[in-house]
Amino acid sequence: MAEAVSHPLFARIYPRMNAFAEAHGSVDHRRELLAGVRGRVIEVGAGTGANFRHYPPEVDEVVAVEPEPRLRALAEQAVTGATVPVRVVSGRAEELPVPDGSFDAAVISLVLCTVPDVPRSLAEVTRVLKPGGELRFYEHVRSRKRSAFRRQRLLNPLWRLLCGGCRLTRDTERAIIEAGFGVDGIRRFDFLINGRSGPASPSVIGVARPPAAGQGRGGVTTGS
Ligand SMILES: C[S@@+](CC[C@H](N)C(=O)[O-])C[C@H]1O[C@@H](n2cnc3c(N)ncnc32)[C@H](O)[C@@H]1O
């Protein structure tokens, strides 16, 4: 059985953090993340289920995996407002409780900053996707600007403590490529709140294809 993840403080504050972020534009990021997704979808680290009301009608079913009990309970409540059928299950990114090759798309939003083992999580995404499947990702990432990155590094220990293990300094695009994915499209941007940048502003939204069996390192084929 999957090891439980318990972040009671973060689970209490995240719904408010998310509502604030959505009121300042992240709701558009969620729509951008999910535009054109179809078929059977696995959402990894679904949190409160904030994506559920943005899935397009071409999606047949979403299996939403969430390890934190309080957040999972909120995700279960969010199913009623979902645009497509959603099933919420317990589990971790590193050990997805689903069979091989069973999904057309995997959706990960604001989760690879937090999972303890990113390569293993991405290997699991590869395992559960059908041939021709895709990974949709939306993440805040390490800054490409040296001074901003230094600030992220300084803040990281406190941030991790308050935000359920989240790291400000992960180079998630690179991790996806190192896991063998080919990045089909990526938008790198600063998510500004009231015109100001913060430690978690540098962000990416993108689409990637998993490595075919036996293939090695991926790359970026399009996007800026
Ligand atoms: C910042 S929240 C994002 C939630 C949601 N995806 C969203 O877009 O609002 C981070 C989520 O990652 C989950 N998480 C933490 N460790 C995880 C793991 N090992 N596997 C899967 N999810 C994990 C947390 O429980 C939490 O729901």
Side-chain angles (χ1 to χ4, degrees), residues 13-66 71-72 74-88 93 103-115 121-122 125 128-129 132-141 163 166 170 172-173 176 181-198 200-210 220-224:
I13 59 177
Y14 185 65
R16 261 170 278 176
M17 285 170 72
N18 182 52
F20 179 80
E22 289 202 349
H24 290 82
S26 72
V27 76
D28 291 334
H29 305 156
R30 296 188 186 281
R31 291 192 189 112
E32 179 180 346
L33 170 75
L34 299 175
V37 179
R38 51 179 59 240
R40 281 199 87 216
V41 176
I42 182 160
E43 183 173 334
V44 181
T48 60
N51 287 325
F52 296 173
R53 60 204 162 92
H54 303 298
Y55 279 98
E58 291 77 16
V59 168
D60 299 324
E61 185 200 14
V62 177
V63 176
V65 180
E66 171 53 50
L71 291 173
R72 192 168 59 249
L74 293 173
E76 274 156 7
Q77 288 172 26
V79 168
T80 50
T83 48
V84 298
V86 178
R87 188 157 52 92
V88 177
F103 291 92
D104 299 290
V107 168
I108 301 192
S109 65
L110 308 171
V111 171
L112 291 174
C113 50
T114 298
V115 296
S121 302
L122 290 169
V125 168
V128 306
L129 284 176
E134 62 178 17
L135 165 64
R136 298 290 184 111
F137 58 93
Y138 164 33
E139 294 288 335
H140 68 82
V141 293
C163 297
C166 171
R170 284 207 166 145
T172 299
E173 181 181 341
I176 289 171
F181 286 77
V183 176
D184 275 1
I186 186 162
R187 184 167 78 86
R188 305 182 189 97
F189 62 102
D190 274 331
F191 176 22
L192 304 178
I193 303 267
N194 295 328
R196 300 178 62 149
S197 74
S201 285
S203 302
V204 290
I205 295 179
V207 185
R209 305 270 161 201
V220 180
T221 53
T222 61
S224 51

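Nothing fancy with the numbering, it's 1 onward along the sequence.
- Remark: Glu134 pairs with Arg136, Arg209 by the salt bridge (Lys or Arg N to Asp or Glu O under 4.0 Å) rule, at least two apart or across chains.
- Taking Val111 as the reference, Ile108, Val115, Glu139 meet the side-chain contact (heavy atoms from CB on, under 4.5 Å) condition, with sequence neighbours excluded.
- For Ser109, the side chain to side chain donor-acceptor pair (under 3.5 Å) partners at least two apart in sequence or on another chain are Asn51.
- For residues 74-87, every residue pair satisfying the side chain to side chain donor-acceptor pair (under 3.5 Å) rule, not counting sequence neighbours, is listed here: Glu61-Arg87.
- Remark: Asp28 pairs with Arg31 by the side-chain contact (heavy atoms from CB on, under 4.5 Å) rule, at least two apart or across chains.
- Here the closest non-hydrogen pair linking Gly133 and Pro210 is O-CD, 3.2 Å.
- Summarising the geometry of Val37 relative to Val59, their closest heavy-atom pair is O-CG2, 3.4 Å, with the distance given to 0.1 Å.
- Under the side chain to side chain donor-acceptor pair (under 3.5 Å) criterion, Glu66 pairs with no residue at all, not counting sequence neighbours.
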Original post:
Where do Ile186 and Glu173 land on the side chain to side chain contact (heavy atoms under 4.5 Å, CB included) test, with the steps shown first?
Top reply: CA-CA 9 Å; Ile186 186 162; Glu173 181 181 341; 3.4 Å; yes

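- Residue Ile193 holds its CD1 atom at 11.5 Å from CZ of Arg196, rounded to the nearest 0.5 Å.
- Looking at every heavy atom in both residues, Thr172 comes nearest to Leu112 through CG2-CD1, 3.7 Å.
- Legend: residues meeting side chain to side chain donor-acceptor pair (under 3.5 Å) with Tyr138, ordered by chain and number and at least two apart, are His29.
- Residues Pro56 and Gly36 come closest through the heavy atom pair CG-N, 4.1 Å.
- Remark: Ala200 pairs with His140, Trp159, Leu168 by the side-chain contact (heavy atoms from CB on, under 4.5 Å) rule, at least two apart or across chains.
- With sequence neighbours left out, the salt bridge (Lys or Arg N to Asp or Glu O under 4.0 Å) criterion links Asp60 to no other residue.
- Across every non-hydrogen atom of Asp104 and Gly39, the tightest pair is OD2-CA, 3.4 Å.
- Sorted by first and then second residue, the salt bridge (charged side-chain N to carboxylate O under 4.0 Å, His left out) pairs with a member in residues 43-58 read Glu22-Arg53; sequence neighbours excluded.
- Shown here are the ring-ring contact (aromatic ring centres under 6.0 Å, His included) partners of Tyr14, two or more places apart in sequence or in another chain: Phe10.
- The shortest non-hydrogen separation linking Val125 to Ala106 is CG1-CB, 3.7 Å.
- Residues satisfying the side-chain contact (heavy atoms from CB on, under 4.5 Å) test with Ala75, not counting sequence neighbours, are Phe52, Val88.
- Here the side chain of Ser201 pairs a donor or acceptor atom with the backbone of Phe191 at under 3.5 angstrom.
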